[in-house]
Amino acid sequence: MEDTTTIRDSLESAIPEDDATEALAPDSVVESESQPELDLQPTESASEPTKSEGRDTKGRFKSKEAKPATPTETASEAIAEPTPSIQPGPKAEPKAAPQERAPASWRPDAREHWASLPAEVRAEVARREREMQTTLQETAEARRFSEQLGKVIAPYEAFIRAENSNALQAIDNLMGTAARLRTGTAPELAQLMAGMVKQFGVGRFGQPFIEALDSALVGEVPRVDPQQAQLQQAIQQQLAPVQQFMSQFQQAQVAQQQRAQEQAASEVSQFIERAEFGEDVREEMADLLEVAQRRGRELSLADAYRQACLVNPRVRSVLEARAKQKGAQQLMGAAQKAKAAAVSVSGAPAMGAPKADPADVRSAIEAAIAINSR
């Protein structure tokens, strides 16, 4: 009788015994209806991780990116993440309040439109005016020095132009000559003085200038009569008290004039600041006051201001426009009052009229005609 060989026996004989447990997966085990089910999966120890942790229910590998973060990692990341520091931003500059009054440097006809300008434009104009005033104050000393320097050089402009030079070059040349006279050596000073003698002495006066210069260098002093010198000294001693009194009197007069001028200048400046068109008619007021002083006639600042406003054409046009506008408003107000008075009079009943009820139709008609005819 021949031995029957099953499918299991054939498989076991084809696969070595060592690799049988590892090669056969749970899904690849062939089940036979006639043989009992055998467990061919290898046993796993508790210390080794199971292979099913990296797979899903369908046996596929799970994505590593979807690994959830543990609470410990989340807390550590929250602690390690630096908190952004909040820094205050730049403070907004407060807007300057709009100036209620137009700048005094504007012309009168331009100042009439100041109130119609937007508040932002008026504030910007006020800021620019403040900057200009600050600049003028900072450069006042430089402008004063320039003015004084011009006054000093003015008498000598003809000489400067004759040498085809300018003021700065002339000052530089003079200061250079003064420095050489103070710091130069003997030969340098001799050459410098010889050049000056030839240019300004001999060139103007000829050879006699050399003799005059020699006499001056030798030290010839003009002789003085002793009696005349004694007489002159006695006269000066006698006149000394009178000269001292006159000097004190002149000093007192100068001080009084200075005080009066300062007081007058202060009053004029205060009046001009208060007056609306003071800066515009400043020159006209000065002319009027000067003419009145020459004629011996007293003229107050208020009168001079009113006359100057009428003399200045720009200010006069502004005042005339205001007067016309004011007159038109007054005429309109008077017309409205007259119209209101006429309406109230025509529609109001007579104050002393009797209010008796008419007895018949004729009496009612006559009463209505009498009321409307008043």
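The analysis underlying the following values was restricted to heavy atoms, covering all of them including side chains, and did not include hydrogens, waters or symmetry mates. All values reported here derive from a predicted model rather than from experimental measurement.
- Residue pairs meeting the side chain to side chain donor-acceptor pair (under 3.5 Å) criterion with at least one member in residues 160-174, sequence neighbours excluded, are Gln169-Asn173.
- Within a 6.0 Å radius of CZ in Arg204, no more than 12 heavy atoms belonging to other residues, nucleotides or ligands are found.
- Rounding to the nearest 0.5 angstrom, the gap separating the CD atom in Gln236 from the CG atom in Leu231 is 10.0 Å.
- Ionic pairing of Glu290 and Arg294 is present here: one or more N-O contacts between side-chain nitrogen and carboxylate oxygen are shorter than 4.0 angstrom.
- Between the CD atom of Glu120 and the CD atom of Glu124 there is a distance of 10.5 Å, given to the nearest 0.5 Å.
- Note that the CG atom of Leu319 and the NZ atom of Lys324 stand 12.5 Å from one another [nearest 0.5 Å].
- Note: Arg274 CZ to Ser269 OG = 9.0 Å, rounded to the nearest 0.5 Å.
- No path of Ile, Leu, Val, Met, Phe, Trp and Tyr side chains, each step under 4.5 Å between heavy atoms, connects Leu168 with Val152, placing them in separate hydrophobic clusters.
- Residue pairs meeting the side chain to side chain donor-acceptor pair (under 3.5 Å) criterion with at least one partner in residues 304-321, sequence neighbours excluded, are Glu284-Asn312, Asp303-Arg306.
- No continuous path of hydrophobic side-chain contacts links Val318 to Val311 [ILVMFWY only; heavy atoms under 4.5 Å].
- For the ring pair (Phe, Tyr, Trp, His ring centres under 6.0 Å) condition, no pair includes a residue of residues 240-265, sequence neighbours left out.
- Residue pairs meeting the side chain to side chain donor-acceptor pair (under 3.5 Å) criterion with at least one partner in residues 188-200, sequence neighbours excluded, do not occur; the list is empty.
- Under the rule for a side chain to side chain contact (heavy atoms under 4.5 Å, CB included), the partners of Phe209 that lie at least two apart in sequence or sit in another chain are Val197, Val202, Phe205, Leu213.
- From Leu136, atom CG reaches atom CD of Glu131 across 12.0 Å, with rounding to the nearest 0.5 Å.
- Taking the charged nitrogens against the carboxylate oxygens, Arg101 and Glu279 have no contact shorter than 4.0 Å, which rules out a salt bridge.
- Applying the 4.5 Å side-chain rule to ILVMFWY residues, one finds Leu181, Leu189, Met193, Met196, Phe200 in the same cluster as Leu192.
- Put simply, CD on Gln133 and CZ on Arg130 are 11.0 Å apart, with the number rounded to the nearest 0.5 Å.
- Between Trp106 and Glu129 the shortest side-chain heavy-atom distance falls below 4.5 Å.
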